[in-house]
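In what follows, chains are A, B, ... by sequence order, proteins preceding strands, each numbered from 1. What you see below is based on every heavy atom in this structure, not just the backbone, and it leaves out hydrogens, waters and symmetry mates.
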There are 2 protein chains.
Amino acid sequence: MAWNTAETRRRLRAAATAEFAAHGPHGTTMDRIARRAGINKERLYSYFGGKDALFATVLGEELAAVAATVPLASLGEQDIGEFAGAVFDHHAANPTLVRLLHWEGLAYSGPVPDESARTGFYLAKVEAFEAARRRGALAGSPDAAHLVFLVLSLAAWWFAVPQVARMLTGADADDPGELAHRRAAVVEAARRLAGPHE
Amino acid sequence: MAWNTAETRRRLRAAATAEFAAHGPHGTTMDRIARRAGINKERLYSYFGGKDALFATVLGEELAAVAATVPLASLGEQDIGEFAGAVFDHHAANPTLVRLLHWEGLAYSGPVPDESARTGFYLAKVEAFEAARRRGALAGSPDAAHLVFLVLSLAAWWFAVPQVARMLTGADADDPGELAHRRAAVVEAARRLAGPHE
DNA sequence: CCCATCTCCAACTGATCCGTTGGAATTAGG
DNA sequence: CCTAATTCCAACGGATCAGTTGGAGATGGG
């Protein structure tokens, strides 16, 4: 069998992503990642460094993925509600990112890896909101940065505390009808939250 | 020194609460809890059972605490915005509960301990929202359960992903001005989200 | 004062975890 | 084909974890 280092790395990354999203930094073991990938553990260390470096790598790739699949254009042309809906859809189809972000927020304190690059990523969204405001599509009161954050919270919260969502709504996210119901609530809430009033 | 089992239990509970909130179920060790409390580890097992049972005990007590300090009356008389503000204030002053709820949502899948009692706790809030709607204080579209959830998300998200909040707003929650700014955004957002329109 | 009972703890067990090492298998260049 | 470099892996070391045990110290009723 010929060497295929790219494939080895890919399988290790995929296994690490799944394990970290499911169990978090503390709950994940390097042994389990290696076993899941069918690769020896030593490869993890030689390719990705230690556990924390591997977690940072995985999170960075997921952030790049969401940036690619929910482009800012979805804000330029459509309204805020549909932007929130697109974020909701991405989370529903791919709950990995939300879980990784939460694990990071809970497990690590202080500055996070690659914070400057990620800050730029968010600031681009803020800039898009500002532009929408100049077009008169947004109210003036919560400033753009706080508004972006609140809209993202509407879309993400469901996947962060699914047990609370289940207790409140009496249904689970596995139910397609309930999922659509939640999405509609998010879209409408984002419109009300951002839309110009009085 | 006379035996004081109540005090021993209280100190163990307090230490467990702090450790679980800081590090989560996986990141917390029974040794650290015992050492922090200055009590032998064996007392933890004889008083509270294993690690998971201890986590469930701690979370249950924090839920009871928030139910006592943010009563439903804050919804009956004031508006939704001030209710959201009160929840925000509770989280800011006592970030323990949000963190515990998140650890639970991430680390445990399937039904959570004491789910029926907690469901009742949330349904009471839904009922209060329904009453507000009958008074004409709420719009009709997102039904009460989903509305409660969204309002809670506005107040809680800041404390769940502080690293994202920092990157977006450029300030930290330690800054009192920024905290007030965030609170104001939450209050206004909740009003817009729930208030009757057109 | 005595003794059954409860509280407490130091030390242990067995398992697991992170990270490393020494060497075998494979590749590519000459 | 030969050799140096690279990829891979089984096995290990030291640390730490959850949970247990045997016994020392404190208590209270008779």
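Side-chain atoms of B:E115 come within 3.5 Å of backbone N or O of B:V112 as a donor-acceptor pair.
Following rounding to the nearest Å, B:H26 (NE2) and C:dC17 (C1') show an atom-to-atom distance of 13 Å. Per the geometry, CE belonging to B:M30 stands 21 Å off P belonging to C:dC12, to the nearest Å. One atom, CD of B:E19, and another, C1' of D:dA18, lie 15 Å apart when rounded to the nearest Å. Separating the NZ atom of A:K41 from the P atom of D:dA10 is a distance of 12 Å, rounded to the nearest angstrom. Regarding B:L44, its CG atom lies at a distance of 15 Å from the P atom of C:dT7, rounded to whole Å. Across the protein-nucleic acid pair, A:I33 atom CD1 and C:dG19 atom P stand 11 Å apart, rounded to whole Å. In this structure, CG of A:D31 is placed 17 Å from P of D:dC17, rounded to the nearest angstrom. Rounded to whole Å, atom P of D:dT16 lies 9 Å from atom CZ of B:R35.
Closest contact between the side chain of B:Y45 and the listed nucleotides D:dT7, D:dG19, C:dC18 involves D:dG19. Nearest nucleotide to the side chain of A:N40, out of C:dA11, C:dC18, D:dA10: D:dA10. The side chain of A:T29 has C:dC18 as its nearest neighbour among D:dT7, C:dC18, C:dC9. Considering only side-chain atoms of B:E42, the nucleotide from C:dC18, D:dT20, C:dT21 that sits closest is D:dT20.
Annotation: of the two residues near DNA chain C, B:I39 and A:G49, the 5′-most nearest-nucleotide partner is B:I39.
Backbone-only engagement by A:K51 is indicated by non-hydrogen atom pairs under 4.0 Å involving sugar-phosphate atoms exclusively.
Checking the phosphate oxygens (OP1, OP2) of D:dC8, a side-chain nitrogen or oxygen of A:Y47 falls inside 4.0 Å. Distances shown here put a side-chain N or O of B:T8 below 4.0 Å from the OP1 or OP2 atom of C:dC8.
Taking the C1' atoms of five terminal pairs at each end of the helix from C:dC1-D:dG30 to C:dG30-D:dC1, the two resulting helix axes are inclined by 0°, rounded to 10°.
A salt bridge links A:E7 with A:R10: at least one charged nitrogen is closer than 4.0 Å to a carboxylate oxygen. The existence of a salt bridge linking B:E62 and B:R13 is excluded, since no basic side-chain nitrogen approaches an acidic carboxylate oxygen closer than 4.0 Å. With respect to the salt-bridge test (charged N to carboxylate O, under 4.0 angstrom), the residues B:E104 and B:R118 qualify.
For A:H91 and A:W157, the ring centers are positioned 6.0 Å apart or more. Ring pair B:H23/A:H26: centre-to-centre distance not below 6.0 Å.
The minimum heavy-atom distance between A:R182 and A:A173, with the atom names listed, is NH1-CB, 3.6 Å.
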